[in-house]
Amino acid sequence: MPEEAGFPPAKRFRPGAGPPRRAGSCPPGRRVVMLLAAGGGGGGGGRRQQPPLAQPSASPYPEAVELQRRSLPIFQARGQLLAQLRNLDSAVLLGETGSGKTTQIPQYLYEGGIGRQAVIAVTQPRRVAAISLATRVSDEKRTELGKLVGYTVRFDDVTSEDTKIKFLTDGMLLREAISDSLLRKYSCVILDEAHERTIHTDVLFGVVKAAQKRRKELGKLPLKVIVMSATMDVDLFSQYFSGAPVLYLEGRQHPIQIFYTKQPQHDYLHAALVSVFQIHQEAPCSQDILVFLTGQEEIEAMSKTCRDIAKHLPDGCPSMLALPLYASLPYAQQLRVFQGAPKGCRKVIISTNIAETSITITGIKYVVDTGMVKAKKYNPEFVHVMSKALTRAILPPDSGLEVLAVQRVSKTQAWQRTGRAGREDSGVCYRLYTEDEFEKFEKMTVPEIQRCNLTSVTLQLLAMKVPDVLTFDFMSKPSPDHIQAAIAQLELLGALENKDGQLTLTPIGRKMAAFPLEPKFAKTILLSPKFHCTEEILTIISLLSVDSVLYNPPSRRDEVQAVRKKFISSEGDHITLLNIYRAFKNTGRNKDWCKENFVNSKNMMLVAEVRSQLRDICFKMSMPIVSSRGDTESVRRCLAHSLFVSTAELQPDGSYATTDTHQPVAIHPSSVLFHCKPACVVYTELLCTNKCYMRDLCVVDAEWLYEAAPDFFRRKLRASRS
DNA sequence: GAGCACTGC
């Protein structure tokens with residue numbers, strides 16, 4: 001078995017999160033300032049030194065913290081860096097993992113007086129990172145968290161009037177930009193982890209660039225912009241900010257050996273299994289393995305197979321602890337990957353791409369990369385259908401753009417995975433594809449902004465009074481069709497009006513933008529007073545906007561079904577969820593109740609938090625908040641009026657088709673209506689995997705839909721034809 | 001008739 005994967009001799013290189021650096025790897029013409037030639041040894045100081053799942057902890061020895069700060073390689077470049085940054089409007093900072101850039105640069109800027117007049121903002125794609133970085137930096141400054149150094153994430157604002165260095169999520173800064181598009185609070189915005197190209201960071205690029213320009217024109221305090229990236233391809237960033245210089249910082253990474261397969265592998269799961277046991281039989285048992293697969297089902301199956309095989313290994317072979325890791329895994333089980341394996345036992349972590357960026361596990365010596373990932377994809381066929389539909393002024397289902405599919409990773413992603421093996425010591429990465437195959441991988445992951453539904457982003461840009469969304473200065477422009485589809489959606493929701501050829505928000509549209517929700521959900525809430533069911537709708541929308549509160553362990557299916565029976569409503573999933581939330585509330589938000597009823601208590605607590613945030617927003621808008629008091633029909637009517645674009649009807653042959661494009665769809669197996677055949681439903685989401693599945697369904701009356709949008713439904717509903 | 005990568009406001 002072990003030799004099947006067939007690995008040729010290793011290649012050595014010093015990795016960052018990118019390919020090996022060579023002297024000539026920087027294209028001519030780019031201004032690169034080398035700030036440091038050699039990194040030091042040993043750990044410490046850099047970010048993500050602790051697993052993001054763990055609580056950030058304050059160091060008990062402030063002197064030690066200061067000492068560690070000074071021992072960072074970046075410290076030697078401090079003066080040079082400050083001199084450079086002081087004179088620049090914009091800069092791109094390329095820093096390898098462990099260079100200490102995220103914790104140190106904001107402090108240098110502050111100490112250098114750049115943060116005196118206003119706040120220095122540092123954005124992060126993830127909440128945990130923003131929180132732990134703020135904690136770390138406030139420790140280093142020996143101040144209380146929330147004073148000089150603070151953070152702002154959703155539901156949690158630990159800042160004060162004294163705060164000069166503020167860590168925040170990119171989504172949070174974007175939201176702030178809606179009320180102040182010039183970002184007047186800030187003297188400097190640092191966009192960290194820019195290489196990840198989240199949709200929020202990408203929009204911020206444009207927002208920050210426009211604010212910088214406008215502030216200059218108005219003679220206001222200049223806005224300094226620093227883009228930080230951990231990968232080599234920073235040209236795009238530099239070009240976008242009119243040729244901003246690239247400052248280079250070396251980090252501390254350990255060498256990693258890379259093995260490719262000799263032959264392409266048609267079965268990557270089998271190849272992964274073979275590699276794991278090959279390593280297992282040869283390497284000392286203290287060295288852990290991290291395997292990248294695509295999804296929950298695969299990961300659970302592989303974990304089981306590993307356990308089964310490990311039971312029957314020859315004597316003298318170490319034992320094995322196979323641990324699955326994916327986002328929907330209950331928290332307690334996720335924590336297991338951080339615990340050390342018992343003596344004489346090897347930890348094998350089988351993970352989705354969550355271990356690529358979000359979760360860092362210490363002690364990984366081997367990475368097994370299948371080269372596959374499950375991700376959202378932009379489906380050109382759907383776009384074709386859409387543009388055809390648009391020319392006929394018929395509108396597509398809003399989620400028709402997004403398909404979740406197993407696909408090849410990009411080169412950047414492969415390097416990121418490889419880098420996970422060299423965090424504490426030298427490592428080894430087994431790539432389950434040939435070097436030729438690797439060369440054919442896409443260079444970079446397609447930025448999220450070109451793969452996702454743009455309805456929310458478009459609404460936000462319009463709320464910031466961007467003059468023209470179609471010509472907005474995106475660093476990587478989405479296709480015009482793509483933006484046009486978002487505009488069409490917003491028009492249908494009544495959010496837009498065309499004033500002298502210029503798109504502006506209607507009063508409803510402006511209100512919609514105030515909610516941290518998908519526009520259609522915001523619209524549902526805004527419609528609810530008309531149906532006297534705002535309390536109920538707030539609950540339903542909160543439940544829909546977090547991960548499922550239903551916990552379904554496959555091994556206890558019968559139990560789950562029996563327990564869940566009492567909540568099920570024949571009116572569909574929305575009313576069923578409402579019943580569950582009510583029961584949860586009536587038992588005083590009890591965790592034991594959650595456990596007994598197979599409800600994910602963590603997600604349920606989050607629902608309560610979201611609900612209270614949404615309720616506050618309604619309150620500030622002076623919306624009447626009333627309950628329909630058990631009248632579920634008005635709740636369903638309200639859903640029908642706001643989600644009328646996402647409707648499907650039962651066909652004579654027993655299948656379903658969407659009302660507007662007649663696309664064949666099916667009821668998702670997780671729905672309470674899975675075994676039922678209602679004539680007409682609205683759904684919350686279309687999930688396109690093997691089939692197009694409707695998720696979260698509500699039984700509605702075709703007549704209500706007709707009432708909601710007579711023009712849209714004329715000639716469309718089967719009910720109105722027969 | 002049978003299934004859901006990952007973030008975030």
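No hydrogens, no waters, no symmetry mates; every other heavy atom, side chains included, goes into these values. To find a chain, count down the sequence lines: A is the first, B the second, and so on, and within it residues start at 1.
- A side-chain donor from one of A:R611 and A:T539 sits under 3.5 Å from a side-chain acceptor of the other.
- Checking B:dA5, B:dG1, B:dG3 against every side-chain atom of A:A375, the shortest atom distance belongs to B:dA5.
- Within the structure, a side-chain polar atom (N or O) of A:T169 is placed less than 4.0 Å from OP1 or OP2 of B:dC9.
- A:L517 contributes atom CG, which lies 7.0 Å from atom CD1 of A:I541 (distance to the nearest 0.5 angstrom).
- Regarding A:N353, its CG atom lies at a distance of 10 Å from the C1' atom of B:dT7, rounded to whole Å.
- With B:dG1, B:dA2, B:dA5 as the candidates, the nucleotide lying closest to the side chain of A:K677 is B:dG1.
- Among the atoms of the strands shown, none is found under 4.0 Å from any heavy atom of A:V406.
- In the set B:dA2, B:dC9, B:dG1, B:dA2 carries the atom at the smallest distance from any side-chain atom of A:R557.
- For the pair A:R417 and A:F292, the cation sits on the ring face: its NZ or CZ lies under 6.0 Å from the ring centre, inside 45° of the axis.
- Nucleic acid contact class of A:L517 (heavy atoms, under 4.0 Å, all strands): base.
- In this structure, the CZ atom of A:R615 is 23 Å from the P atom of B:dC9, given to the nearest Å.
- Whole-Å rounding puts the A:Q416 CD to B:dC6 C1' distance at 13 Å.
- Between A:T352 and B:dC6 there is a side-chain N or O to OP1 or OP2 distance below 4.0 Å.
- Residues forming a salt bridge (charged side-chain N to carboxylate O under 4.0 Å, His left out) with A:D180 (at least two apart in sequence, or on another chain): A:R184.
- Among the heavy atoms of the strands, none lies under 4.0 Å from A:E297.
- In this structure, A:F674 counts as stacked on the base of B:dG1 under the 5.5 Å centre distance and 30° plane angle limits.
- What separates CD1 of A:I541 from P of B:dC9 is a distance of 19 Å, to the nearest Å.
- Contact annotation: A:R126 does not reach the phosphate of B:dC6 (side-chain N/O to OP1 or OP2, under 4.0 Å).
- Atom pair A:F292:CZ and B:dA5:C1' shows a separation of 13 Å (rounding to whole Å applied).
- You'll find that the side chain of A:H200 is closest to B:dG8, out of B:dA5, B:dG8, B:dG1.
- Nearest-nucleotide positions on DNA chain B for A:G295 and A:S456 put A:G295 closer to the 5' end.
- Rounded to whole Å, atom C1' of B:dA5 lies 17 Å from atom CD1 of A:I350.
- Note: NE2 (A:H668) to C1' (B:dA2) measures 9 Å, nearest angstrom.
- Closest approach to the A:K376 side chain among B:dG8, B:dG3, B:dA5 is made by B:dA5 (side chain taken as heavy atoms from C-beta onward).
- Looking at the side chain of A:S358, the nearest of the listed nucleotides B:dG1, B:dG3, B:dT7 is B:dT7.
- For the pair A:R431 and A:W415, the cation-pi criterion (under 6.0 Å, within 45° of the ring axis) is fulfilled.
- Looking at which nucleotide of DNA chain B each of A:F515 and A:Y326 is closest to, the 5′-most match is held by A:Y326.
- The distance between atom CE of A:M512 and atom P of B:dC9, rounded to the nearest whole Å, is 20 Å.
- Distances from the side chain of A:I354 to the nucleotides B:dT7, B:dA2, B:dC9 place B:dT7 closest.
- Put simply, the side chain of A:P664 does not reach to within 4.5 Å of the side chain of A:Y656, judged on heavy atoms.
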